[in-house]
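For reference, the structure discussed in these notes is given below.
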Protein chains: 2
Amino acid sequence: MSLRIALLGLLTAAGPSSGYDLTKLFESSISNAWQARHSQIYPELNKMAAEGLVTVEEAGPRGRKSYAITKEGSAELRAWMLDEQPSRMHRSETALRAFLLPTIEPHEAVALLRGQAEVLAAKMAELEAIRAKASVWRKPGFGRYALDLGIRQTRLLHDWAEETAAEIEKSAGQD
Amino acid sequence: MSLRIALLGLLTAAGPSSGYDLTKLFESSISNAWQARHSQIYPELNKMAAEGLVTVEEAGPRGRKSYAITKEGSAELRAWMLDEQPSRMHRSETALRAFLLPTIEPHEAVALLRGQAEVLAAKMAELEAIRAKASVWRKPGFGRYALDLGIRQTRLLHDWAEETAAEIEKSAGQD
DNA sequence: CGCATCATGTAATTGGTTACATGATTAA
DNA sequence: TTAATCATGTAACCAATTACATGATGCG
């Protein structure tokens, strides 16, 4: 379900696009909200076209198809936003690693966390750079809230990793 | 892969357990790190037993089987922690909703966010209560880091929802 | 001409959910 | 005795990844 919502959202934010365009938008723009490969996107767009949520235009060169959201598509998106209660489903490799930290030696855990923190600092810089640039979205507002949330979450993970490393180092030093 | 790692971790933290026990542990203890149903857990335990990562003891009443982690299992877990680079894979319905906020009316977005904040405040209280209680884990340390991370993440989402609602309310009021 | 990129698709497999199915034990 | 809980499994289905497969266009 969420894949189709993400696609409808991208079509709303970016205007009519091809499957190829949408694949790139997933990679470059909402990758920290949702992810999908072209092999999942193409069939889903065809299904959505069959159901009348989007219209197809077989026009461009190289058999390019352009998809645009329909009234029905917008209604579906709106219904999902307002009626559906957010599922608190959660699977996070990071949280799993956090749980498993005690299975390795303290010095190993510290090294792991410090390495993570470095990666996260780089990611933060990347996201801040995106925020500084002009938006890629034709409609205003899109990206702003998700990007803000992404930056906060990345900073949180970074700080957690640093502080946890320091804490483990301190308590291991006392042994 | 991660399911099997989670199972090995739970067997390390809680000691020998049945599939039924592990199912409950997923629900009650590491649900904000990983989730799994019994229909996924039972077959996976059998596969792991066949591969020598765990041993089975068909002993208890009602055909209860007890599983314990082996040396090979511990090695697999350790290898995952140290060698595997964490995948930054991310699919978050919350982040997707954040991205899609501009598709609904400002007053609707504000209501949505405020409702979310309420739910998150309740969850925070729940997690704080778990932290206050004695640990369910036989081995010390487990749960501590993941729980701390979970509390921080829940607070972040709560604050983000509140602040974003306030911001939208303010800018909508100016119109 | 040759390489990068544009562009779309399908097939096989793995991961995960929901629903179906069954039965033993315990406590009120 | 009957309801709750303990306990294990399978089947059908949906979601997602990886790999396979093909061809057009544009640029150097």
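Below, chain A is the first sequence line, B the second, and so on; all start at residue 1. All values derive from a computational prediction rather than experimental measurement.
Of the residues in residues 44-59 of chain A, not one comes within less than 4.0 Å of DNA chain D through any heavy atom. Contacts of residues 22-32 of chain B with DNA chain C (heavy atom under 4.0 Å): none.
For B:Arg91 and D:dT17, the shortest distance from a side-chain N or O to OP1 or OP2 is below 4.0 Å. At the phosphate of D:dC6, OP1 or OP2 sits under 4.0 Å from a side-chain N or O atom of B:Tyr20. OP1 and OP2 of C:dG9 both lie 4.0 Å or more from every side-chain N or O belonging to A:Tyr42.
Residue-level contact check: B:Arg4 touches neither bases nor backbone, having no heavy atom under 4.0 Å from any strand.
By the 4.5 Å heavy-atom criterion applied to side chains, A:Trp80 and B:Leu100 are counted as neighbours.
Applying the ring pair (Phe, Tyr, Trp, His ring centres under 6.0 Å) criterion to B:His107, with sequence neighbours excluded, gives no partner residue. Every residue was checked against the ring pair (Phe, Tyr, Trp, His ring centres under 6.0 Å) condition with A:Tyr145, not counting sequence neighbours, and none meets it. Partners of A:Phe26 under the ring pair (Phe, Tyr, Trp, His ring centres under 6.0 Å) rule, at least two apart in sequence or in another chain, do not exist in this structure. Every residue two or more places apart in sequence or in another chain that forms a ring pair (Phe, Tyr, Trp, His ring centres under 6.0 Å) with A:Phe142 is listed here: B:Phe99. B:Glu72 meets the side chain to side chain donor-acceptor pair (under 3.5 Å) test with B:Thr70; sequence neighbours excluded. Contacts of B:Glu76 classified as salt bridge (charged side-chain N to carboxylate O under 4.0 Å, His left out), with partners at least two apart in sequence or in another chain: none.
The salt bridge (Lys or Arg N to Asp or Glu O under 4.0 Å) analysis of residues 156-168 of chain A, with sequence neighbours excluded, yields the pairs A:Arg114-A:Glu162, A:Glu163-B:Arg152, A:Glu167-B:Arg144. Within the structure, the salt bridge (Lys or Arg N to Asp or Glu O under 4.0 Å) test picks out the following pairs touching residues 96-105 of chain B (sequence neighbours left out): B:Glu93-B:Arg97.
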Sort me out a list of protein N/O and nucleotides 18-28 of chain D N/O pairs below 3.5 Å, or just none if empty.
residue, atom, partner, partner atom, Å
D:dT18, O4, A:Ser39, OG, 2.7

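In this structure, the CD1 atom of A:Ile41 is 13 Å from the C1' atom of D:dT17, given to the nearest Å. Distance CG (B:Leu3) to C1' (C:dT14): 12 Å, rounded to an integer number of Å. One interatomic measurement links the two molecules: CE of A:Met89 to P of D:dC14, which rounds to 17 Å at whole-angstrom precision. The CE-C1' distance, from A:Met1 to C:dT18, rounds to 17 Å in whole Å. For B:Gln35 and C:dG15, the CD to C1' distance is 14 Å, given to the nearest whole Å. Here the P atom of nucleotide C:dA7 and the NZ atom of A:Lys65 are 14 Å apart, to the nearest Å.
The nearest heavy atom of DNA chain D to B:Asp21 and to A:Ala36 marks one nucleotide each, and the one closer to the 5' end goes with B:Asp21.
Between the side chain of A:Thr164 and the backbone N or O of A:Ala161 there is no donor-acceptor pair closer than 3.5 Å. When atom types are taken as modelled, the side chain of A:Gln153 and the backbone of B:Gln153 share no donor-acceptor pair closer than 3.5 angstrom.
The side chain of B:Ser18 lies closest to D:dT8 when the candidates are D:dT8, C:dG16, D:dT10.
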For residues 123-132 of chain A, please give each side-chain donor-acceptor pair under 3.5 Å, one per line with the distance, not counting sequence neighbours.
residue, atom, partner, partner atom, Å
A:Glu128, OE1, A:Arg131, NH2, 3.0

